[in-house]
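Here is the structure we will look at, set down as structure tokens.
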Amino acid sequence: MEYNHIEIEKKWQSYWAENKIFKADNHSDKPKFYILDMFPYPSGAGLHVGHPLGYIASDIYARYMRHKGYNVLHPMGYDAFGLPAEQYAIQTGTHPEVTTIKNINRYREQLDKIGFSFDWDREVRTCDPKYYKWTQWTFLKLFNSWYNNTIDKADKIENLIAEFEIYGNKKVNAATTCERIFSSNEWKAMTEKEKSDILMEYRLAYLAETWVNWCPKLGTVLANDEVKDGLSERGGYPVERRKMNQWILRITAYAQRLLDGLETIDWSDSVKEMQRNWIGRSEGASVIFKVDGHEDLELEVFTTRPDTLWGATFMVIAPEHDYVSLITTPEQKTAVDEYVTYAKNRSERERMSEVRHISGVFTGSYGINPLTGAKIPIWIADYVLAGYGTGAIMAVPAHDSRDFAFARHFNLPIIQVVCGNGDQPSDPSTWEESYDAKEGTMVNSGPINGMTVKQAIRNVIDKIEQMGIGHGKVNYRLRDAIFSRQRYWGEPFPIYYKDGIPYPVSEKDLPIELPEVDAFLPTENGEPPLARAKDWTYKGYPLETNTMPGFAGSSGYYLRYMDPHNDNQYFSRQAVDYWRNVDLYLGGDEHAAGHLIYARVWNKFLCDLGLTSVEEPFQKLINQGKIQGRSSFVYRINGTNKYVSYNLKDQYETTKLYVDINIVKNDELDIEAFRTHNPDNKDAEFILEDGKYICGWEIEKMSKSKYNVQNPDDLVEKYGADTLRLYEMFLGPLEASKPWDTSGIEGVSRFLKKLWRLYHDSNNKFCLSNDKPTPEELKVLHKAIDKVENDIKKFSFNTAVSTFMITVNDLAALNCNKREVLDQLTVLISPYAPHIAEELWSLSGHKGSVEYAPYPIFKEEYTREDTFEYPVSFNGKVRFKINLPVNITAADAQKAVEEAPEAQRWLEGKTIRKFIFVPKRILNVVI
RNA sequence: GCCCGAGUGGCGGAAUAGGUAGACGCGACGGUCUCAAAAACCGUUGAGGUAACUCGUGCCGGUUCGAUUCCGGCCUCGGGUACCA
């Protein structure tokens, strides 16, 4: 036995744990570096090879930064509230906490084997009352805050009340849905309930009615994802849109700051772009249309194109719009009711993805264009969403593609009001598509004819503001975040109800712990599971029975790591002043919009309260890709117990069957294992090709039922943690999604053995030379130092592993086992393969861990070259190579090329039109 | 539908700044060592062609002396789409 990974890894893992090598100190003179992974949800299937991908990358970076002299905070914890444990509880009666803790322990065991440098003393779990105390605490702060637009910050609700007491709300500039203006006397005269209702419209955590997908049979609300064709995915029961009272976070108050903050952080352009689109800022105007025959009704629409008001030929309101029942005429009632029912059964997702299927129905009523006085029909259609803008639009078919398609489908008039630059107005009935560009000149628009689009927008906004029928408005696509879930396994709200009015629980009574229930299902009358709890009260009053969503606990966990054992505060001033924010955050890009928006709002809010030091929680973000499964298949000839190899299967009628990837190696089936694996296969026969049974394969999601889940334990046992770490990095670029395939792992394993053998003789005895390295050896070493450090800075770990392989090959070829080379190589490699690095470091006589050894410094003089082989290309076609000094000038290079024998025959009788010289690159000659 | 990505040999992938396409690894083939095997080591390996050379980075087009890289239009796949985590 040569390189014994089992012994080495066990030895160093216990050394790290016993000596608390990775403990981060809140008091240090060193510069800090906070590197964080998105914490996992501990699922029942255990850790699979996809999880460690990001953790290995962050671990490499954390260890690198320790070598670089930073005080590194690198914690890990668990996002432990979630649906799967609750579903399992519903099915089996096992308390979600039991399942969750069991899964956490399993995760921990698996994580430990891979040799991560986490500071486990700082572990957090979102389901731990000591942790969710602070989630509830933050909720109370949100409940007791409003957004003051004047100071552009969250402000205490007491300040708002004080303002109401003195001036009423007329001078208040807040993020609010409250449209009512009241005086201080009116405020004082209000009942407790009225005051509470008014304040709800200002609070950052508020209670309001929203549309949800309700499944009466299951008694729960469903995600859009869980609704297919109007039926619940689970059970196939009917689902309908229904209004429900829910807790909501007023994150839209932060929309502009979320946009502005993107400029200050180091995230990829694509994620920033996704966030910008998610926030969806659009400038336009809110315009009020009267409804013909309903003098009391004002139908407010938002449009980004107020300039096109003269081209509005109809209006569309969402099927859920409050006015539907008010304006539908008796003749249209049947059709409208039918349509509303139809739309009710479709989730927003379905409605958005089926825009090609145009549907809608006329209400029978007409809106009055406030500028032209024209009467235009009001339709209902599901392409208008209740949740965006005002749920009503003015349709300008000539200049909006969806309106255009709708108008064509229902034969509604189309009026051109914008004419492209240099074009003549034309008959829209001949158009194939609408003219959506915000460029051109106004036509058919009365007083604004001849204006540019830009001028017209300004002009119309001024006009409607003067007339009091609308105003310029910035609209965001971002919606307030619904914060209620009708589930058991989540944080209870610290809210109780007295006379139907919600009140906050006193801070000193936190946490409000999850109660025991007899079942994890909704009650018979559709109340959430917490309604089953005995004595679910506070001071004798009923407590809120909803729980918080998954993102509650994950929105501020990075702050708790800074000071995880503090029972008096979320985190101490000292801790947050020292650690400030996360320097490097790693996680999947599936969180680009959701989690990363919520966490940013959470942090900004705490920053407004003066609790955190920096507005943006995550300075740099890296998204690692997903690891997909690679399923293997065997092909059974129908009606037999005979299996035919992949390339011969077309000659037979076969059935494709999943086969466990653990008995397939490089697509070759282990026939013996196949026979013993399942008694049914004991007598299986095989039709082989070249003496082998070759399996088919497909890239799919990793899942138990596809027999393609690779958990890391088996690989760690077989090849060692260092091999797994290197291999996962070697698999491809960190940010790319890639299928898991173990066929290359041998190569990495060979590399480590080769490294080991470089410093061990044939008897596995450590041998090291104290001689000075030769210039050639130093060149190999320093090329590696240069390349690997550049790769680490670019998070290009796959190429770094390639460099290690090349380096060790080169050193082996030179027979180099010099101490000076080993010591530097050990430090260089230790972030990637820490166990073998520790072992070699200790063998070469060092005391203590390699972890804090200074990182090797690249010296260019060892790698500098005198000459360089320049490829020369004539007209981009003929090529040859020419050896020239590195520091050559363009003129000398041209001369050397002209004189080169290879060039002579190409240059004969021709002149050089262009000579392109790029130092240390190709020389290009155009003749 | 909308938003964000990605498509390069048999496979995973490499290619500072637009400059020798295919580094490194796997697999395959050939060889050394061995009684044999394993391990290890050496060589070949994009396609076509004896060769000079030609063709090749999802498809079509453009810019350029030169495009995997930049621009326009598609196709396919992956992620997100607000209650999966």
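Reminder, nothing fancy here: chain letters follow the sequence lines and each chain counts from 1. In what follows, every heavy atom counts, from backbone to side chain, and hydrogens, waters and symmetry copies are set aside.
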Please list, in numerical order, the residues of residues 786-795 of chain A that have a heavy atom closer than 4.0 Å to any atom of RNA chain B. none
With the threshold set at 4.0 Å, does a side-chain nitrogen-carboxylate oxygen contact exist between A/Lys626 and A/Glu590? yes
A/Leu596 CG to B/U81 P, in whole Å, measures 13 Å
Counterpart residues, side-chain contact (heavy atoms from CB on, under 4.5 Å), relative to A/Thr807 (two or more places apart): A/Val780, A/Ala784, A/Thr803, A/Leu811, A/Leu825
Over how many whole Å does the gap from A/Phe797 atom CZ to B/A14 atom P extend? 14 Å
Taking the C1' atom in each of B/G22 and B/U44, what is the distance between them to the nearest angstrom? 16 Å
What is the separation between atom OH on A/Tyr727 and atom C1' on B/G12, rounded to the nearest whole Å? 7 Å
Between A/Trp489 and A/Phe520, is the side chain to side chain contact (heavy atoms under 4.5 Å, CB included) condition met? List the steps. CA-CA 8 Å; A/Trp489 192 227; A/Phe520 304 99; over 6 Å; no
Taking side chain as C-beta onward, heavy atoms only, is A/Leu53 less than 4.5 Å from A/Lys738? yes
With A/Glu491, which residues qualify under side chain to side chain donor-acceptor pair (under 3.5 Å), at least two apart? none
Between B/C83, B/G80, B/C4, which one does the side chain of A/Trp278 approach most closely? B/G80
To the side chain of A/Asn798, which of B/G13, B/C83, B/A82 is closest? B/G13
What orientation do A/Tyr78 and A/Tyr107 show, parallel under 30°, tilted 30 to 60°, or perpendicular over 60°? perpendicular
Closest approach to the side chain of A/Glu590, judged atom by atom: which nucleotide of B/C83, B/G80, B/C24 is it? B/G80
Can you classify the ring geometry of A/Phe483 versus A/Phe493 as parallel (below 30°), tilted (30 to 60°) or perpendicular (above 60°)? perpendicular
Separation of atom CD1 in A/Ile745 from atom P in B/C24, rounded to whole Å: 21 Å
Nucleotide-resolved protein contact map, nucleotides 5-10 of chain B, B/S/- at heavy-atom distance under 4.0 Å: S-----
Taking side-chain contact (heavy atoms from CB on, under 4.5 Å) as the test, write out the residues that go with A/Gln91, two or more places apart. none
B/U16 to B/C65 separation - C1' atoms, rounded to the nearest Å: 22 Å
To the nearest Å, how far apart are A/Glu746 CD and B/G27 P? 7 Å
Between B/A85, B/A82, B/C83, which nucleotide gets closest to the side-chain atoms of A/Pro84? B/A85
For RNA chain B, write out the stems as range with range, using runs of 3 or more consecutive Watson-Crick or G-U pairs with both distances under 3.5 Å. B:1-7 with B:75-81, B:10-12 with B:24-26, B:27-32 with B:40-45, B:46-48 with B:53-55, B:58-62 with B:70-74
Rounding to the closest angstrom, what is the interatomic distance between B/C26 and B/G13 at atom C1'? 11 Å
Base of B/C3, side chain of A/Arg276 - is there a donor-acceptor contact under 3.5 Å? no
Taken to the nearest whole Å, NZ/A/Lys738 to C1'/B/G79 is 14 Å
Counting heavy atoms from C-beta on, name the nucleotide in B/C24, B/C83, B/C3 closest to the side chain of A/Met274. B/C3
Can you measure A/Asp400 atom CG to B/G1 atom P for me and round it to whole angstrom units? 17 Å
Residues in ring pair (Phe, Tyr, Trp, His ring centres under 6.0 Å) contact with A/Tyr832, at least two apart in sequence or another chain: A/Phe804
Atom CG of A/Asn277 and atom P of B/U81: how far apart are they, to the nearest Å? 14 Å
Measuring only the P atom in each nucleotide, how far is B/G43 from B/G48? A whole number of Å is fine. 24 Å
List for me each residue that meets side-chain contact (heavy atoms from CB on, under 4.5 Å) alongside A/Glu746, sequence neighbours excluded, and say none if there are none. A/Lys665, A/Tyr719, A/Arg750
Can you pull the side chain to side chain donor-acceptor pair (under 3.5 Å) pairs that have at least one residue in residues 36-54 of chain A, sequence neighbours excluded? A/Asp37-A/Ser58, A/Asp37-A/His74
Minimum-distance nucleotide (side-chain atoms of A/Tyr598 versus B/G80, B/C83, B/G25): B/C83
Base orientation of B/G72, syn vs anti, 90° cut from 0: anti
Does the side chain of A/Asn224 get closer than 4.0 angstrom to OP1 or OP2 of B/A82 through an N or O atom? yes
Does the separation of the ring centres of A/Phe551 and A/Tyr598 fall below 6.0 angstrom? yes
How far, in whole Å, is B/G49 from B/G56 if one measures between their C1' atoms? 15 Å
Return the set of residues passing side chain to side chain donor-acceptor pair (under 3.5 Å) with A/Asn224 (not counting sequence neighbours), or none when no residue passes. A/Asn213
Summary of protein contacts for nucleotides 38-43 of chain B, nucleotide by nucleotide, where a base hit scores B, a sugar-phosphate-only hit scores S (4.0 Å, heavy atoms): --SS--
Distance between P atoms of B/U63 and B/U68 (Å, rounded): 16 Å
Which residues satisfy the side chain to side chain donor-acceptor pair (under 3.5 Å) test with A/Gln275, sequence neighbours excluded? A/Arg600
Can you tell me, in whole Å, how much space there is between the C1' of B/U57 and that of B/A51? 27 Å
Provide the distance between the two P atoms, one in B/G62 and one in B/G12, to the nearest whole Å. 31 Å
